[in-house]
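Chain A is the first sequence line, chain B the second, and so forth, proteins listed ahead of strands; every chain is numbered from 1.
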Number of protein chains: 2
Amino acid sequence: MFLLLILKFLICGLTSETFRTILSVSETFRKTLPAIQRKLTSHPMTATLKDVARQSGYSVTTVSRALNGHDDVNEETRSRIRAAAEALDYSPNLNARQLQTRRAQSLGFIIPAEAQRLKEPFFMEFLSAVASEAAQHDYSILLSAHAPDAQEEDAYRHLAQSGRIGGMILMRARRHDPRVAMLTGLNIPCALFGRTGRDDGCAWIDVDGQAGVHAAAQHLLALGHSRIGHILGPDQYHFVGERQAGYASALAAARVPLEPDLIITVEHMTERDGYAATRRLLELGRPPSALIAVTDLVAMGAMRAVQDAGLRVGKDVAVVGFDGLSLTAYTSPPLTTVAQPTEEIGRKLVAMAVAQIAGDESFPKNELLIPRLIVRESSTGDQSKGQVLL
Amino acid sequence: MFLLLILKFLICGLTSETFRTILSVSETFRKTLPAIQRKLTSHPMTATLKDVARQSGYSVTTVSRALNGHDDVNEETRSRIRAAAEALDYSPNLNARQLQTRRAQSLGFIIPAEAQRLKEPFFMEFLSAVASEAAQHDYSILLSAHAPDAQEEDAYRHLAQSGRIGGMILMRARRHDPRVAMLTGLNIPCALFGRTGRDDGCAWIDVDGQAGVHAAAQHLLALGHSRIGHILGPDQYHFVGERQAGYASALAAARVPLEPDLIITVEHMTERDGYAATRRLLELGRPPSALIAVTDLVAMGAMRAVQDAGLRVGKDVAVVGFDGLSLTAYTSPPLTTVAQPTEEIGRKLVAMAVAQIAGDESFPKNELLIPRLIVRESSTGDQSKGQVLL
DNA sequence: TTGTAAGCGTTATCAT
DNA sequence: ATGATAACGCTTACAA
């Protein structure tokens, strides 16, 4: 319409009079257009501090302070402002707040791109604990999965630099974990599940895998097994070394020689790889009569391999897992496993991250938890109810 | 250290001379402190557009356009700017961007406060699909759990008005779902798992519970059962009515009379409530010989109740669940269940939400999926491998 | 093709 | 106790 107007004037010829008119029209238009656009495009019903200020008759500054509980505001003023905010259904725009304060009440969590991994029940149980503990602290979780093609480190960097998170929860610490270095460089506090092995000042919680596997091996030795297979994960993880140490120490204590043949490494800690590894172990000249697997999922693969070989799990070949997934109570037979307190770990990691963000130096920065061995039929072979040992 | 200084002066006694010294020290301290704090607390190494502009010699505007792929920028300029950005490890502050554009590449997802619910495997399997599909679209998920004491609707409103999300994924649609009304009022597109029952213009995906339960009941009738118990959930959910309709239609088709005694409602769809409901059913004068449960978890409680009553699941009492949790393959006996394509649902919901945010009207706004019945030992009682029927 | 300037909704600084 | 003003880092008219 405006263009038509111009066109019309152009056709009629321009006098300085009409030109001034155009300018004034254009001026009005320029002023009213944004308002119109705003009405049309923006979420119409989201009140801002300005709205509350107008409604209550105070300045934006005062409103901000009143709603944030500063003590330099008259109580009567505060209640008026509160009423206005309530009436308008005001709730703060966190983008603006986070931009201004450079703080964010969210923790980042990145899940591996590979969907299989994400479906690992362990991830989910962990995440559930993390999310609910975060809620207790009034934090939310920003869940991100890096695109399959992208660099892992970039994914972490983008999230960290996006300004939307105040800290980060990391899983599966690796020996020389590039993520940790990067995040501390960016001044993003992080809480790590697992140890990197060197003291990089990062907060962590870990489970004593050495003690756990030691207990598992001891349990199997006590049952009379002397050929115990050990299915390990990739060496890049610090815990793999720990686990192997626990295995070795238990055998040594029982004066059982350590046979390299019985120790095998899987590339991915999946059911599939557990199955394959177990097949190889069972095909040995003198196969093991018991197995310790790096993960419950790997152990489930192992159980299937044992059964497919015509052997009975628990009777012919004892199987022990590691993780303590709730799933393991329902397998047939139920799986003996070294249980990590998944929920406790998730909760404590969040608490650590939050404490660090708040600058609370007194909060413990790391903790080593002792796992507990849950004995079930997959190792004992009997039908009695499962019991919990240390 | 500063405190120590004060302490020292206090001990030594105060002259006006030393007092003035303190003041001046304090003054200097007060002035330099913020700068120091800033250096310490703010992320020192986070480059902004301004930094890239300075480094590359262009204006902030041009840099912005170059990096965002606008076509009104010289290609040579763009590559210079890209180089500068790379060199500085630039990555955008999304708070600022979202504040300005009023758009956010995140989807909100709120998990119920009750931790038990969150631990429901179904939630987790769903969430995993949602997160990974979101990643495909370059979206992230903002996970929030509303505090136990807070109002549910407030939790949704705060998240929606925080400006951090562009859309929302909702689970467990209820008949008159207040969340949907609120979100559409705020102009936040949402994608719903389940139907509200009335056409409120909200995108949804649902599973045909009527067809599912019909198939389950048919399966049990074919096995010779004529007294089939039905354990339902709270009536506030639309799907409960659907399920009951499927149950009724299957019985009617087989000319089996419908007995109200055999239909029972649990308040919470948990293992515990399933156990209790099943006990009550088994205590009837003429107990059912088969059960259809509203959830796999409820079915697992039912199986335990059957076993505790000294009966054999699958032989004496057939049990069928609904959800198709991967867990159900491992129960003893393995559970017959009406499987929802959890992953597909999660993925499609995300795709729907993203399409709506992008303003793509052509994208389908709702879809009804047909579940499939997975037959296992809990209904057949035999040891043959489980098979999938329609 | 590039730059200038305004503004998104907050909070922080500094007057009053 | 309250308010004016200036940021925070980004996008987007509009001007050049």
Rounded to whole angstrom units, what separation is found between the [atom1] atom of [X] and the [atom2] atom of [N]?
X	N	atom1	atom2	answer
B/L94	C/dT10	CG	P	19 Å
A/L99	D/dC10	CG	C1'	8 Å
A/D71	D/dT2	CG	P	13 Å
A/L67	D/dT2	CG	P	13 Å
B/D51	D/dG9	CG	P	9 Å
B/Q98	D/dT11	CD	P	11 Å
B/R80	C/dT1	CZ	P	14 Å
B/K50	D/dT11	NZ	P	15 Å

Where A/P178 and A/E153 come nearest, the two heavy atoms and their spacing: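 Shortest heavy-atom contact: CB-OE1, 3.8 Å.
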What are the two closest non-hydrogen atoms of B/L88 and B/A47, and how far apart are they?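 Closest pair (atom of B/L88, atom of B/A47, distance): O-CB, 3.6 Å.
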Quick check on [N]: is either OP1 or OP2 less than 4.0 Å from any side-chain nitrogen or oxygen of [X]?
X	N	answer
B/S64	D/dT11	yes
B/Y58	C/dT4	no
A/R102	D/dC8	no

Go through [options] for me and flag the one nearest to the [X] side chain.
X	options	value
B/S59	C/dG3, D/dG3, D/dG9	C/dG3
A/D72	C/dT2, C/dA12, D/dT2	D/dT2
B/N68	C/dT2, D/dT2, D/dT11	D/dT11
A/T62	C/dT11, C/dT1, D/dT2	D/dT2
B/R97	C/dG9, D/dT11, D/dT2	D/dT11

Applying the side chain to side chain contact (heavy atoms under 4.5 Å, CB included) test to B/Y90, which of B/V63, B/I81, B/L49 qualifies?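 Answer after filtering B/V63, B/I81, B/L49: B/L49.
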Can A/E76 and A/R80 be counted as an ion pair, charged N to O under 4.0 angstrom?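 Looking at A/E76 and A/R80, the cut-off is met.
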Counting the atoms with a prime plus P, OP1 and OP2 as sugar-phosphate, which does [X] contact under 4.0 Å by heavy atoms, base, sugar-phosphate, or nothing?
X	value
B/N93	sugar-phosphate
B/T61	base
B/T48	sugar-phosphate
A/N95	nothing

Where each residue is assigned the nucleotide of DNA chain C containing its nearest heavy atom, which of B/R65 and B/Q100 is assigned the position nearer the 5′ end?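 Looking at the nearest nucleotide for each, B/R65 comes out on the 5' side.
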Does the side chain of A/Q356 reach to within under 4.5 Å of the side chain of A/F363, using non-hydrogen atoms?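 No; the side chains remain at least 4.5 Å from each other.
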Roughly how far apart are A/R164 CZ and A/L107 CG, rounded to 0.5 Å?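 Atom-to-atom, A/R164:CZ and A/L107:CG are 13.5 Å apart.
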